[in-house]
Amino acid sequence: MTTDHASRSASQSRLAAVIARRARVGVLTAVLLSLGFTLVTTPVLLADAWLGLGELGVAVGEPAQVTVRVPQFSGHLDDVRGVAVGGDSGGAIVVARGEQVDGPTASLIEDIRAGQPQGAASWLAYGAVMFLMALLYTLHLRRSHRGRLLRTQGVTLGLLAVGAIGVKIALLLSPMSPMLVPVGVFAVVAAVVVDLSVGLATGLAAAVLYGLLVPFDMGVLAVLGVQAGAATLIIGDGIRVRRWRVAVAGLLAAAGAATAYALFSYLSRGSLPAWELSAPTHSAWLAAACGGLLTGVLALPMVPFYQWLLGDITRNALVELSDLSNPLLKQIAEKSPGTWQHSLAMANMAEIAANAIGANGRLVRVGAYYHDLGKSLQPKYFIENLEAGESSPHDRLAPEVSCDAIFAHVTEGLALARRSGLPEPIVDFMHMHHGDGVLEYFWAKCQETGNPKGLRVEDFRYPGVPPQSRETAILAICDAVEAASRTLKKPDDGAVRRQVQRIVYGKLHLGQLDESGLSVADLRRISESLRETIKHAHHGRIEYPWQREAREEAARTVVDGLAGRPRAPPRSRRRGLRQPA
């Protein structure tokens, strides 16, 4: 008995290493992520000071090695206008890279820089800002179901840092305005792929980071923040975002950023920046509007790339996987036809339910196709693949052996899927549709036989993980509902409603939906969708004449048998007619 327990425990430990929850961000991990982000971004913010360019690459009578700026709304602009590149400039540029530096320009730069932090103090100040910003960001994302994943936070922070490096290089080597940076792209992409909360937080983090790539000015940070916030107003949650919504998001970002720039200009100088329009190529006001428009242009192309980095499946990949000529799908259809019919029915049901709550319906459909792949390896262990009158092999097996045979469709299917190169999000459906629930039938059978081996309920628990996303949770619910709906003798509206509610409540009660991210409102909409789908699947049909004759003939046969009269030949045969197939 002890050896049996040890063997099963060792097997479960091995499975746990293969079937594991996604890594999440805890408090300690959040601190470490923030520290790493700070160590990468702080040198980027101060790149013009540590690149060994002397007094910021400025020497009288020589070309400037880098573009030198002053704070946009600090009050220095009146002085800058007389010496800025191209005359009047809304970009707060004192001298651009490659331009000759004269004496007044050099003196102005020295005066401005004298009032700003230098040396170790500047490193500590910028480092503290980056650490606090990153820490608040990571801790906020821990409240989001998808945002709490380590991969989500690591990838997003990495993209922000890499983007900052590219923008900093552009700012040093050109007179580009920081207002032109489309920080709203980060907000829109994160909102589309993850959720709205993560999108807003990512946009604000990007605004702070990219606003500090130029001399500190709260106005610049605010304008970029407004751009990011306005871009997400119309996006909302959900992967199914229309192109027109993204286009409108770009327009809102442009309008918001331009308005914020005009307001800050008025508050800092007492007038609107109308003078900038005389030199549009040097206008930060127009740059703010263009930055918002770029958000609408770049967001959609960035979505597949961000999905790929997060390990998601792109739309094109899902279309390929849904091709019914796929060898794995053909294997299921040929070797376990009953399972395949169950999967097709589930796919329709689950896609409709997913669309009802704004989840990824196409992903759920493809997951339904593949979720029982393992049953094609030993199809006769599953009742839907048995012929009429064929005995079940479980009749001759001990409960724990039957349990292992059932569990194999999860573990062996998972191994086959990975050997065949199926993406992990599809593999997730294989071990999450049963979660780590108990196989009640065989546990009860074990107890009825007296449990001679002293097994525990844990020995009858599925080797999976509870659903970790809305999509896998929807499939888990539909798997149980579709199977149970076949047992309904009278599928009226009340019976269907009670059965759906019982299954959903059962999964809630057992904790199988705790980590799915589904809200109570989502469960209500899913339940209503399933009820409607099942009700319409059992719709009535017209009775054809031959069906009516057959029914009447069967009734007469019963009456004649009870009365002891000889049976009359079928009406269709007397007329020489052939029954339709």
Exercise. Over all heavy atoms of both residues, which pair between P466 and D436 is shortest? Give the atoms and the distance, please.
Key: CG-OD1, 3.5 Å
Practice problem: Using ring pair (Phe, Tyr, Trp, His ring centres under 6.0 Å) as the criterion, list what pairs up with Y210, not counting sequence neighbours. | Solution: F186
Exercise. Tell me, yes or no, whether the heavy-atom count around L32 atom CG, taken from other residues, nucleotides or ligands under 6.0 Å, exceeds 12.
Key: yes
Quiz item: With no hydrogens and no angle check, is any side-chain donor or acceptor of E471 less than 3.5 Å from a backbone partner on L363?
Solution: no
Quiz item: Side-chain contact, heavy-atom cut-off 4.5 Å: K453 with D459?
Solution: no
Practice problem: Taking atom CD of E390 as the centre, report whether more than 12 heavy atoms of other residues, nucleotides or ligands fall under 6.0 Å from it. | Solution: yes
Quiz item: Are Q499 and S485 close enough that some pair of their side-chain heavy atoms sits under 4.5 Å apart?
Solution: yes
Quiz prompt | Min side-chain heavy-atom separation N360-I313 under 4.5 Å | solution = no
Self-check item: salt bridge (charged side-chain N to carboxylate O under 4.0 Å, His left out) partners of residues 133-156, not counting sequence neighbours, each pair once
Solution: R146-D312
Quiz item: Does L132 have any side chain to side chain contact (heavy atoms under 4.5 Å, CB included) partners at least two apart in sequence or in another chain, and if so, which?
Solution: none
Self-check item: Validation row: V189, F305 side chains within 4.5 angstrom (heavy atoms)
Solution: no
Quiz item: Say you draw a straight line from CZ of R498 to CD1 of I503; how long is it, rounded to the nearest 0.5 Å?
Solution: 13.0 Å
Quiz item: Going by the side-chain hydrogen bond (donor to acceptor under 3.5 Å, both in side chains) test, which pairs reach into residues 329-339, not counting sequence neighbours?
Solution: Q331-S376, T339-E384, T339-N385
Quiz item: Between atom CG of D428 and atom CG of L422, what is the distance when rounded to the nearest 0.5 Å?
Solution: 11.5 Å
Exercise. Taking side-chain hydrogen bond (donor to acceptor under 3.5 Å, both in side chains) as the test, write out the residues that go with T472, two or more places apart.
Key: S469
Quiz item: Can you name the closest pair of heavy atoms from A231 and A249 and give their distance?
Solution: O-CB, 3.1 Å
Quiz item: Shortest non-hydrogen contact from L33 to V25?
Solution: CD1-CG2, 4.1 Å
Practice problem: Heavy atoms only: give me the nearest A253-Q227 pair and the separation to one decimal. | Solution: CB-O, 3.5 Å
Quiz item: Any donor-acceptor pair under 3.5 Å linking the side chain of S519 with the backbone of D522?
Solution: yes
Exercise. Decide yes or no on side-chain contact (heavy atoms from CB on, under 4.5 Å) for L318 and T314, but give the supporting numbers first.
Key: CA-CA 6 Å; L318 285 175; T314 62; over 6 Å; no
Quiz item: Distance from R456 atom CZ to N451 atom CG, nearest 0.5 Å?
Solution: 11.0 Å
Exercise. State the SG-CG distance between C478 and N348, to the nearest 0.5 angstrom.
Key: 10.5 Å
Self-check item: L321 backbone acceptor or donor facing Y370 side chain under 3.5 Å
Solution: yes
Practice problem: Please examine the side chains of I526 and L518, heavy atoms only from C-beta on, and report whether any two atoms are closer than 4.5 Å. | Solution: yes
Quiz prompt | Non-hydrogen side-chain atoms of R461 and L439 separated by less than 4.5 Å | solution = no
Practice problem: With rounding to the nearest 0.5 Å, note down the distance linking CG in L414 to CG in L373. | Solution: 9.5 Å
Quiz prompt | side-chain hydrogen bond (donor to acceptor under 3.5 Å, both in side chains) involving Q378 - partner list, sequence neighbours excluded | solution = none
Quiz item: For residues 353-365, which residue pairs qualify under salt bridge (charged side-chain N to carboxylate O under 4.0 Å, His left out), counting only residues two or more places apart or in two chains?
Solution: E351-R365
Self-check item: Partner set under ring pair (Phe, Tyr, Trp, His ring centres under 6.0 Å) for Y462, not counting sequence neighbours
Solution: F407, H434
Quiz item: Just one of V481, I352, I474 clears the side-chain contact (heavy atoms from CB on, under 4.5 Å) bar with L530, so which one?
Solution: V481
Quiz item: Side chains of H140 and S197: is there a donor and an acceptor less than 3.5 Å apart?
Solution: yes
Practice problem: Please name all residues satisfying ring pair (Phe, Tyr, Trp, His ring centres under 6.0 Å) with Y369, sequence neighbours left out, ordered by chain then number. | Solution: W340
Quiz item: Do E528 and R525 meet the salt-bridge criterion of a basic N to acidic O distance under 4.0 Å?
Solution: no
Self-check item: Qualifying residues under side chain to side chain contact (heavy atoms under 4.5 Å, CB included), relative to D395, sequence neighbours excluded
Solution: S391, S392
Quiz item: With sequence neighbours excluded, what pairs up with T156 under the side-chain hydrogen bond (donor to acceptor under 3.5 Å, both in side chains) test?
Solution: Y306
Quiz item: If you take all heavy atoms of V364 and F429, which pair is closest and at what distance?
Solution: CA-CZ, 4.2 Å
Quiz prompt | Exam field: side chain D195 to backbone V198, donor-acceptor pair closer than 3.5 Å | solution = yes
Quiz item: With sequence neighbours left out, what residues match H145 under ring pair (Phe, Tyr, Trp, His ring centres under 6.0 Å)?
Solution: none
Exercise. Locate the shortest heavy-atom distance separating D479 from M346; write the atom from each residue and the value.
Key: OD1-SD, 3.3 Å
Quiz prompt | Value rounded to 0.5 Å, distance of CD in E448 from CZ in F442 | solution = 11.5 Å
Quiz prompt | Beyond-backbone contact of F460 with E400, side-chain heavy atoms, under 4.5 angstrom | solution = yes
Self-check item: Sidechain N-carboxylate O distance under 4.0 Å for R24, E515
Solution: yes
Quiz item: Would you call I332 and K375 a side-chain contact if the rule is heavy atoms closer than 4.5 Å?
Solution: no
Practice problem: Mind telling me whether H433 and H371 have parallel, tilted or perpendicular rings, with 30° and 60° as the class edges? | Solution: perpendicular
Practice problem: Might you work through the side-chain contact (heavy atoms from CB on, under 4.5 Å) test for L310 and V194, ending with a clear yes or no? | Solution: CA-CA 10 Å; L310 293 185; V194 187; 4.1 Å; yes
Self-check item: Derivation of the side-chain contact (heavy atoms from CB on, under 4.5 Å) call for Y137 and Q153
Solution: CA-CA 9 Å; Y137 176 76; Q153 295 200 14; 5.5 Å; no
Quiz item: Are L523 and L513 close enough, and set up right, to give a side-chain contact (heavy atoms from CB on, under 4.5 Å), and what steps lead you there?
Solution: CA-CA 10 Å; L523 291 175; L513 304 179; 3.9 Å; yes
